[in-house]
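One structure is given here, and the rest of the page talks about it.
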Amino acid sequence: PLDVALLAMAVCALAVADDTEVVEFTLYAPMRDGLLDSMSVGLFSDWRDLALGVDRDLATTLGTTLQVYHKIQHRQWSVYNALKKPEAMVVNVQPLDFSKRAGFVNLGEHMWRHGDQLGAAPRQREKN
């Protein structure tokens with residue numbers, strides 16, 4: 001996913017810039033995974049702290065990206081600690097731009113409910 005790739009690039013950049021082997025973020029993460037949940041009006045999200053290890057001698061961009069993906073997929077984060085808030089970096093990625101740009105468009109989850117709907121003619125309801 002795009003948000004994981006962007007976060008992984010930020011982790012790599014911060015690890016090199018700060019010359020550190022542990023990068024910590026505070027994520028504003030959705031707490032539900034049902035169909036169309038991300039399109040709902042209420043966010044139903046919570047703060048979570050995520051710590052990532054980036055070994056200066058052995059880490060690669062691909063390895064760091066896979067680590068970020070694994071930790072987010074398996075929700076390997078800790079409960080938000082408000083006392084560390086001034087030291088934590090807050091990240092909130094929401095791809096909500098659905099306009100067409102350079103031939104590409106961000107599709108919402110509703111576009112895949114009955115298979116690929118992009119470019120398909122709209123269905124007509126049968127009259128009874």
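Quantities reported herein were computed from a predicted structural model and do not represent experimental measurements.
- Here the side chain of E24 pairs no donor or acceptor atom with the backbone of D49 at under 3.5 angstrom.
- Residue pairs meeting the salt bridge (charged side-chain N to carboxylate O under 4.0 Å, His left out) criterion with at least one member in residues 8-20, sequence neighbours excluded: D19-R56.
- Annotation: side chain of D55 is in contact with side chain of E21 (closest heavy-atom distance under 4.5 Å).
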message: Using the rule given for side-chain contact (heavy atoms from CB on, under 4.5 Å), can you reason through V22 versus V54, listing the C-alpha separation, both sets of side-chain angles and the distance that settles it, and then say yes or no?
response: CA-CA 6 Å; V22 177; V54 184; over 6 Å; no
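- Two residues are said to be in side-chain contact when any heavy atoms from C-beta on lie closer than 4.5 Å; V79 and W47 fail this criterion.
- Here the shortest heavy-atom pairing between T20 and L14 reads CG2-O, 4.3 Å.
- Shown here for L52 and K71, the closest heavy-atom pair between the two residues is CD2-CD, 3.4 Å.
- Looking only at side-chain heavy atoms (C-beta outward), L27 and L7 come within less than 4.5 Å of each other.
- Atom NE2 of H70 is separated from atom CZ of R75 by 13.5 Å, given to the nearest 0.5 angstrom.
- The distance from the CD1 atom of I72 to the CZ atom of R48 is 13.5 Å, given to the nearest 0.5 Å.
- Other members of the cluster containing L62 are L66, with ILVMFWY side chains joined at under 4.5 Å, either directly or via other members.
- Between T64 and A8 the shortest heavy-atom distance is CG2-O, 4.4 Å.
- Heavy atoms only, all atoms of each residue included: V4 and T65 are closest at CG1-O, 4.4 Å.
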